[in-house]
Each structure stands twice: as C-alpha cells, then as structure tokens.
Amino acid sequence: MSTSSTALRTHLCGELRPDHIGERVALCGWVARRREHGEHLAFIDLRDHTGIVQCVVDGGADLRSEFVVRITGTVRHRPEGTVNDALATGGVEVGECDVEVLSAAEPPPFPLDERAPDVDETIRLRHRYLDLRRDEMQRNLRTRAKVNSAIRSAMDGQGFVEIETPMLIASTPEGARDFVVPARTRPGSFYALPQSPQLFKQLCMVGGVDRYYQIARCFRDEDLRADRQFEFTQLDAEMSFADQEDVLAAISGAVDSVVEAVTGGRLGDVPRMTWHDAMDRYGSDKPDTRFGLELVELTDLFAATGFNAFKAPCIKGVRHPGAAADTTRSRLDDLTDSAKRWGAKGLVWMRVEQGDDGATVLNSPVAKFLSPEELDGIVTRLGAEPGDLCYLVADDWHAVCHVLGLLRLELARPPVDASDLHFLWVVDFPLFESVDEATGRPVPAHHPFTMPHAEDLGLLDGSPEQLLKVRSQAYDLVLNGWELGSGSVRVHDPAVQRRIFELLGISPEDAQERFGFLLDAFRFGAPPHAGFAFGIDRLVALLLGEENIREVIAFPKTQSGGDPLTGAPAEIDPAQLEELGLRLLPRST
RNA sequence: GGUCCCGUGGUGAAGUCAGGAGUUCACGCCGGCCUGUCAAGCCGGAGGUCGCGGGUUCAAAUCCCGUCGGGACCGCCA
C-alpha cells in the first residue's frame, strides 16, 4: 500500500518534484502560510509531515493559518525566476487549484516555524499538538521511531527475544524513589512502577530465554533535568552464558545500527576507560571526552608544603589554555563560589604570565604562600603557558575529582553537537562507592547483584579500604558526557551473593523479604548472565543535536513534573480515594 | 533540601539596575488595497490586571517581602 495516497489525497506535499509536472494531484494538509494578492491571486503554502509545497489559487482564497484543506490541482513548473531553492519542492507549484476546507482553525498561539524554539516552553507543551506539526518535531519523532526500529532489527538479528515485563510490580526500597500505585483489590497495598525491568529480565534468564530485550518504559520519582524525565525509555537487554565482552559486543551492535540509521556513519571501535581513570583524569564517571582540560595530579609537589590549604590527601589542577585574558576577577569569584557549592573547601586560581625576565610566573592570591619549587612544579606539571588560567583544588581524592570535574565542564563544555560523537565505555566500576561512616557498611555502586571481578573476590573478606578496591564487572556507555546506560555481569553464585548481602547488611531474612522470588529462582538453576540498558531518549537527543530530551519526547513533563497539556498530576475524586482505601493528610503549610 | 536565571497585548523582545501617564520595536490578529509571491508588500485598526498577593512611596512593570509558574544546575537518580 502506498504511504502517500489515501481516500482524500494522491500525494504528499513534500514529495512533489519536476517529475510530477502535468499530473493532477490531490493534497491534504495545513495552511502553513499564505500570500494573498487581492481577489485575483493567492499563494498557499500547504504543509504536511513531509514538507511544504506552494499552491497557486487563482481568484484568491479565504483561508487562514492552520486551516486543514484539501487542494486539488495540477503540478507545473514555476515560472522563470520564481524557483525557490529553500524548498525541496521549490522547482514546482500546484496550479489550477480547487480548495476544500476540511477544518477551519483558530490562529495558533505561537508561530509554528523556526521561531518556535524561542517560545516559552510551557506554551509549546500546552499546545503540544501544534508544536508537533513543526518540521523539527516531526523529524525528532520520526528519527526516534527509526531508532526503535533499528534497535529491534539489530537485537532480533543477534538472537534476542523481545519480551514485555509488567508495569505493575512490587516496590523495592533500593535505588530511586518509586512511583506507587494503590491496589484497589487489596486496600493498603501498593504496586510500584518499574525503575527498570532488572529483576524480571534476570528471571527470564532463569526461564531459559537465553537472550532478552525490551524497549522498556522505566519510572523514577527523582528530580527532573534536561536529560531526565520521570518516565523514560531504555533498550533493556540480558544474555545468558555471557560475559562482559559478549554484552559490550551485542550492545555495540545495536548502537551501531542506530548510528547508521540516523547519521549514515558507523560507530567504529568504542574506546574504553576504567572508572578510576575516568575519575582521575576527568573527575566524572561519565567523562565528556570531546575536549581536554584534564585533571593533573599535583599531590606529590606539596608533600612538604607550608601552605595549610595544600596539606591535603590529594591536589589536582586543571589548565584552561588561553583563558586568562577574558576571565574577569568576578568570574573567578563566581567559579570559587561554585566550587564551594560543589563541596570544595576553596578554589585556587592562577593566572599564568610572562615575567620581566622571560620566565613563566603564576599570578595568584596564594602564590606568596608557595615556594618557588612548588610554583615551578605547578607550571611544569600542568604545562602552563603565559595566557593560561590554572585552577587547583586540594581535598580528598573524591572531592578533588568531583569538583574539578564539574569545573572542567563549567569552563569548557562544548554545546551538544550531533556531528561530534564521542562514545566511551567506562569499565571496572568499583563494587562499592563508599563506606558509610555511621554503619561501617559499604554502599553499593550498582545493584547488589553485580558480580565482582574474579581476581578481586578475595578482597571481599578484607578491610574497608580493601572493599573499596573491589572492582565490579559493571560498565557504562557514555556519549559526550551523558551517561547513556549501564550494565553488569550478575552474580549467579549463591555463596558470593550471600557474602555481598552480608557486607551490605542485608540479612538472609531481609534478602528473602526483598528479593526472595529472585533468590528462589536462582536455586533452581540460574545460568551465568549479564546485561545492559541504555536510554533511548538520551541517545536520540544527542544524535539529533538536541540539548534536552523533552525535544525527542512527544508529550514530556516540565521540570516540576507537570504536564501543561493535560494538567497532570491532578487531584482525584474523593470517591476514588474511598474505593482505594486512601485518605489524604492535611497539606503542610 | 539548595543555588542561580526568567515571567511585560496572542508570540518574541526592549523598558526594571537609576520609581514619574501601559511607552516602544518586530511578528501575529482584524479591515482595506494589491495578478508572481515565498517570514509577500502598502495603508489603517484592535489588543496588556507588566504572573499573583502584600509592603514602601505623593507615585511601583521598576524597590522590598511572600507566593505561583517556567528553566539550568548541585544534592538525589542502587
């Protein structure tokens, strides 16, 4: 069946070309623009999802913006000198038009053209059905559909089976805050919406599925961001009898298909970096490797320093080449404030200048507290040259990396750019991200079913310091500083699982209570398995050069979680509450 | 939980720092003119509780407090 012709139309607006000249066509669409020249002539730009074509109405036309019309006419050459190269259809026009109004329309509340991105986003969202008519949004929706399609064929081709897992599941206290749904049939009980299909996909492995995937909607009740919505979509996958390499290869295959479908290019070999390197050099577990400004280790230079602020377990620096001239003092003060908000005790900045004797000197409020050797060391280690600005932070390793990592982004992060894609696997995540000072227990970096590195298993019985050295078989996919997704090899050995639960302070009773169904399943023969999930909203946004995933979601929510179109979230009828056995607390003021 | 920015006819902006008549610009809208335009053009017109509430002041879009809405970020997101 043709994708163009229907009962009401023979062609789509954007597909008319000189090849069609002479054909009598019927087009349907919206009046994008009209140029009326009195009662004798009018130009109507007719728009559908494929584009715009100019229709010439002799005798004028009483149409308004966004009227839905059916225009029947003849495709013809544009007269000499009136070809419009800005339009794909600009070589032709539709003449001898009969116009039938299918729906009249009120004037749109905002311009549906290239000016729309400047419009208050609330207004766009309140009238999202109008926003979606725009080229850019049509492109985004269709690219997203193409991505889903590419993912499905890539996963199908690799032997993965698409399985739908439930949306109404039991809440587990780990991870993000759950969205919760009251259970009418069991008052006082609640379902939760899945943060991910994690446990179900592992059950699929026990169920002999071998390779599972799902384009899965996930829900997390945490604060929203440019790259985070309450509900988002992941490619979720799991493989049996597989290790990390198998998973990376399979996911790379899917991402490669996506990149090819969207850009025509190929993914190529995705570089890898250990988590420790990522933190050490970029101050982030999702480093944006499109630009330099790497963190430079300086700790040893200050082993015997007299400067109290630098008597710290870790000191690192960042060099911002050539930034001295256009970085004002007030900007430096702002950066210092930011660094403090990010958790630093302070931020040391140094302007690199050329001294009278030609030597490189550091101009900084703290320079007088540092020895010549220390200053020389900074210059040498950072490779500082006159005109540069250098920033130093002293604290423990985590804090230094974190603050300089954020500073690095603040100083030099390039805008989203679809033509400059730096994919990166971050591997060897630690099993535990920290040790809780109050309880002395390690805090898991991933979920508690993450398999440690085989050679680090012995450290599980060691000191807290040794525990923090345990690497896990967990890995993230990063693109231009956005975490696209993560995965791990799962624990399938009951002894290892018991030990990890024990370390985390999860008693056998707790474990049974929370994940009993999974542990039970594992008792009946669990294959070694590993998996991954990546966020499709984020991937599509970055591939399209969008700074915000709302641009690739048909009906997204605002930062406060509202939908200006439907008014969600909304109060519900007291009768509904009654039926659910719920009563509202008085609002706190 | 926190930091910062924004809110002015339907839309986008200027005006706010430094208080003085709802002032201005562009688009859109309505009417008129117009036979080759393409963000058509020309002429005329309508349209605003300056988000909301309170305070200061002779006087508030402008200053102060609060609040609502939007955005970016930190925390949070196993």
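Order of the sequence lines sets the chain letters (A, B, ...), proteins ahead of strands, with each chain counted from 1. Below, each value reflects all heavy atoms present in this structure, side chains not excepted, and no hydrogens, waters or symmetry copies. Quick caveat: nothing in here was measured; it's all calculated off a predicted structure.
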In whole Å, what is the span from the CD atom of A:Gln559 to the P atom of B:rC5?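 Whole-Å distance recorded here is 15 Å.
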In whole angstroms, the gap separating P of B:rG75 from CH2 of A:Trp342 amounts to 10 Å
Is any side-chain N or O of [X] under 3.5 Å from a base N or O of [N], one able to act as donor and the other as acceptor?
X	N	value
A:Arg228	B:rC77	yes
A:Glu80	B:rG36	no
A:Arg64	B:rG28	no
A:Arg34	B:rC38	no
A:Glu39	B:rU35	no
A:Asn84	B:rC38	yes

**Q.** Interface residues of residues 108-120 of chain A with RNA chain B (non-hydrogen, below 4.0 angstrom)
**A.**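 Heavy-atom cutoff 4.0 Å gives A:Pro109, A:Pro111, A:Arg115, A:Asp118, A:Val119, A:Asp120.
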**Report entry** RNA chain B contacts made by residues 214-222 of chain A, counting heavy atoms under 4.0 Å
**Finding:**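 When residues 214-222 of chain A is checked for heavy atoms under 4.0 Å from RNA chain B, the hits, listed by number, are A:Arg220, A:Glu222.
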What pairs of donor and acceptor atoms, side-chain ones from residues 56-63 of chain A against any protein atom, are under 3.5 angstrom apart with sequence neighbours left out?
from, atom 1, to, atom 2, distance (Å)
A:Asp62, OD1, A:Arg64, NH1, 3.1

Here the ring-ring contact (aromatic ring centres under 6.0 Å, His included) pairs for residues 40-68 of chain A, sequence neighbours left out, are A:His37-A:Phe43
Is [X] salt-bridged to [Y], going by a charged N under 4.0 Å from an acidic O?
X	Y	answer
A:Arg550	A:Glu121	yes
A:Asp45	A:Arg35	yes
A:Asp131	A:Arg128	yes
A:Asp333	A:Arg329	yes
A:Glu36	A:Arg34	yes

Please tell me which of the listed nucleotides, [options], lies nearest to the side chain of [X]?
X	options	answer
A:His40	B:rU35, B:rU37, B:rC73	B:rU35
A:Arg550	B:rA72, B:rC38, B:rC74	B:rA72
A:Thr122	B:rG70, B:rC38, B:rA72	B:rG70

| request: Name the residue closer to the 5' end of RNA chain B, choosing between A:Pro564 and A:Arg33 according to the nucleotide with the nearest heavy atom. | output: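 The answer here is A:Arg33.
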5'-most contact on RNA chain B (nearest-nucleotide basis), A:Arg341 vs A:Leu199, goes to A:Arg341
Students often get this wrong, so: under 4.0 angstrom with heavy atoms, is A:Ser338 touching a base, only sugar-phosphate, or nothing?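 No contact.
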Are A:Trp349 and A:His320 an aromatic pair by the rule of ring centers under 6.0 Å?
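For A:Trp349 and A:His320, the ring centres are not under 6.0 Å apart.
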OP1 or OP2 of [N] under 4.0 Å from side-chain N/O of [X]:
X	N	result
A:Ser560	B:rG69	no
A:Arg35	B:rA40	yes
A:Thr558	B:rG70	yes

Should [N] form a Watson-Crick or G-U wobble pair with both distances under 3.5 Å, which nucleotide is its partner?
N	result
B:rG19	none
B:rG28	none
B:rG41	B:rC33
B:rC4	B:rG71
B:rC63	B:rG55

I'd like the [atom1] distance from [M] over to [N], given in whole Å.
N	M	atom1	result
B:rG10	B:rG51	P	13 Å
B:rC50	B:rC30	C1'	25 Å
B:rU56	B:rC65	C1'	11 Å

query = When you check the side-chain N and O atoms of A:Ser196 and A:Gln234, is any donor under 3.5 Å from an acceptor?
reply = no
Tell me every residue that passes salt bridge (Lys or Arg N to Asp or Glu O under 4.0 Å) with A:Glu502, counting only those two or more places apart in sequence or in another chain.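 Once residues adjacent in sequence are excluded, the partners of A:Glu502 under the salt bridge (Lys or Arg N to Asp or Glu O under 4.0 Å) criterion are A:Arg499.
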By salt bridge (Lys or Arg N to Asp or Glu O under 4.0 Å), A:Lys286 pairs with (sequence neighbours left out) none
Stacking check: are the rings of A:His37 and B:rA40 less than 5.5 Å apart at their centres and under 30 degrees in tilt?
yes
